[in-house]
Number of protein chains: 2
Amino acid sequence: MSLREKKKQETRDRIFEISGRLFREKGFENTTVDEITQEAGIAKGTFFNYFPTKESLLLYFRERKEELVFNILGSQIATNAPAKDKIKNFLVLLAENYEKDKVLLRMLFFEHRRLVMASGQHPDRKQHGHGNQLRFISILRDLLKEGVENGEIKERVDLQIASETLHAVYFHSLMMWMHSDTDDSFSRDLSAKIDLVFEGIGE
Amino acid sequence: MSLREKKKQETRDRIFEISGRLFREKGFENTTVDEITQEAGIAKGTFFNYFPTKESLLLYFRERKEELVFNILGSQIATNAPAKDKIKNFLVLLAENYEKDKVLLRMLFFEHRRLVMASGQHPDRKQHGHGNQLRFISILRDLLKEGVENGEIKERVDLQIASETLHAVYFHSLMMWMHSDTDDSFSRDLSAKIDLVFEGIGE
DNA sequence: GCTTAAATATGACTATGGTCATTAATGACC
DNA sequence: GGTCATTAATGACCATAGTCATATTTAAGC
């Protein structure tokens with residue numbers, strides 16, 4: 001890595017680190033770009049060489065977070081457990097990972113909208129935000145397919161619909177948890193709902 | 001209604017109408033408050049006497065929309081149909097109502113988050129945004145309870161969990177539909193997922 | 001119909017996210 | 001180790017959401 005690249009990475013990390021701290025301390029809205037650049041010892045314009053908007057910092061935070069999750073993921077999926085357990089483990093793993101950083105996650109959730117909109121303009125950025133959800137759904141579908149092959153899951157179930165339903169349950173639990181002010185875990189709530197999707201509610 | 005109140009209502013309606021048109025024409029971000037007030041023939045400050053932020057216009061739009069929906073709702077729920085049909089009708093009704101105004105709904109969806117945050121500061125505004133979701137869930141729970149009494153739904157099902165799961169499915173379908181650029185209806189997608197929740201996927 | 005307090009409207013002003021033409025640093029090449 | 005094209009840093013500048021002290025309008029009491 002050249003001096004140039006090294007410095008660049010350092011600056012990016014520096015901005016990221018400092019803004020993360022400030023966001024946690026004072027909230028997203030109450031932290032100004034001027035403040036961030038001042039603490040980082042760079043000019044304001046430099047900030048925007050690294051991140052196109054203030055909000056994109058949150059996206060970057062999420063990318064980093066999801067990178068971590070996908071890395072842990074491999075080991076979980078490779079086991080020999082029943083499909084249902086794997087699915088539960090998968091979703092609960094995601095849940096737990098988010099539970100670790102509720103403050104920043106909330107900001108991400110409540111602010112990421114403009115990014116989605118903005119990236120909608122740029123074709124090559126369209127994946128961001130929604131793209132990883134599709135990735136999650138795709139993993140769920142693979143796990144469900146295993147379940148069908150193992151005879152754990154009805155053959156006639158439409159796997160796309162089913163995986164989306166599971167993702168819906170996951171996402172909804174996450175949302176409810178973020179809106180709540182209590183420090184309750186949402187893994188348990190999620191777990192109950194997954195059971196329900198497996199068993200069905202009809203008599 | 002006094003002259004004062006009448007004028008006030010007129011101004012509020014005028015702002016609302018004009019901004020709705022502009023948002024649809026040019027998008028939310030590309031419409032400035034200056035433009036709105038200019039077209040409405042009022043001073044900039046006046047705008048903020050009626051709506052605390054530009055984004056709160058979207059909240060107001062939603063309140064109006066949901067008022068409508070809740071009004072239609074009563075008739076649907078009072079019928080003698082099976083609980084499952086009622087639930088489907090309820091959610092599909094919501095879905096169809098939103099389908100009518102995808103453009104503004106998308107803006108609402110992508111912009112409303114900050115409102116939730118902002119209103120989180122003010123205790124008496126905390127309900128906005130999240131509150132109606134709880135209302136939806138509550139209606140679903142009542143319908144499910146009927147279903148249990150009619151023997152359509154397993155007795156041992158936790159109604160809170162079940163109603164939240166149905167709401168999750170509804171919300172998720174809505175989200176996927178909003179992210180998609182196609183003009184597909186999401187009522188059908190939703191319908192399939194409700195069936196799935198009733199039947200369960202486990203063998 | 002005058003007076004006056006309360007409600008409402010106003011627009012100059014502020015704060016802040018984001019732009020861009022200019023300047024400085026880097027490293028490939030000779 | 002000097003030259004120069006490429007890349008990155010800079011900060012004055014702009015656009016726009018939102019504020020607030022002041023001016024205007026309303027309507028109640030007399």
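The structure presented is a predicted model; accordingly, all values stated were derived computationally and were not measured. Lettering of chains follows the sequences in order, A, B, ..., and the numbering in each one begins at 1.
A/Ile36 has its CD1 atom 17 Å from the C1' atom of D/dA9, to the nearest Å. Look at CG on B/Asn30: it is 19 Å from P on C/dG17, rounded to the nearest Å. Here the P atom of nucleotide D/dA12 and the CG atom of A/Asp34 are 12 Å apart, to the nearest Å. A/Glu29 has its CD atom 12 Å from the C1' atom of D/dG18, to the nearest Å. Protein atom CZ of B/Arg12 is 11 Å distant from nucleotide atom P of C/dA9, rounded to whole Å. As rounded to whole Å, 10 Å separates atom P of C/dG27 from atom NZ of A/Lys6. Atom pair A/Lys54:NZ and C/dA15:P shows a separation of 15 Å (rounding to whole Å applied). Atoms CD (B/Glu55) and P (D/dA17) sit 10 Å apart, rounded to a whole Å.
Within 4.0 Å (heavy atoms only), A/Tyr50 reaches sugar-phosphate atoms of the nucleic acid but no base atom. Residue-level contact check: B/Thr32 touches the backbone only, with heavy atoms under 4.0 Å from sugar-phosphate atoms and none from bases. Residue B/Lys44 is classed as a base contact, given a heavy-atom separation below 4.0 Å to a base. Among the heavy atoms of the strands lying under 4.0 Å from A/Thr31 are primed sugar atoms or P, OP1, OP2 only; no base atom is included.
Look at C/dC30: its Watson-Crick or wobble partner, with both distances under 3.5 angstrom, is D/dG1.
Both B/Arg4 and B/Ile42 sit near DNA chain C, but only B/Arg4 has its closest nucleotide nearer the 5' end. Along DNA chain C, the nucleotide nearest B/Gly41 and the nucleotide nearest A/Ser2 are compared for position; the residue whose nucleotide lies closer to the 5' end is B/Gly41.
Candidate nucleotides C/dT26, D/dT10, C/dT8 were compared by shortest atom distance to the side chain of A/Thr46, and D/dT10 ranks first. Listed nucleotides C/dG18, D/dT10, D/dT19 differ in distance to B/Phe48; the shortest reach to its side chain belongs to D/dT19. Minimum atom distance to the side chain of A/Asn49 is reached by D/dA8, of the listed D/dT19, C/dA6, D/dA8. Looking at the side chain of A/Val33, the nearest of the listed nucleotides C/dG11, C/dG17, C/dA6 is C/dG17. Of the listed nucleotides (C/dA9, D/dA9, C/dT10), C/dA9 has the atom at the smallest distance from the side chain of B/Thr11.
Contact check, A/Lys7 against C/dT26: a side-chain N or O comes under 4.0 Å of OP1 or OP2. Under 4.0 angstrom from either OP1 or OP2 of C/dT8 there lies at least one side-chain N or O belonging to B/Lys8.
Using a 4.0 Å cut-off between charged nitrogen and carboxylate oxygen, B/Glu164 and A/Lys193 count as a salt-bridge pair. The pair A/Glu39-A/Arg14 does not count as a salt bridge, with every side-chain nitrogen at least 4.0 angstrom from each carboxylate oxygen. Looking at A/Glu66 and A/Arg135, no side-chain N of the basic residue comes within less than 4.0 Å of a carboxylate O on the acidic one, giving no salt bridge.
Note that B/Arg106 lies outside the cation-pi zone of B/Tyr98, set by a 6.0 Å cut-off to the ring centre and a 45° limit from the axis.
Residues A/Lys88 and A/Ser191 share a closest heavy-atom pair of CE-OG, 3.2 Å.
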**OP:** Kindly indicate, with the supporting measurements, whether the criterion ring-ring contact (aromatic ring centres under 6.0 Å, His included) is fulfilled by B/Tyr50 and B/Tyr60.
**Re:** CA-CA 11 Å; B/Tyr50 288 90; B/Tyr60 187 65; over 10 Å; no
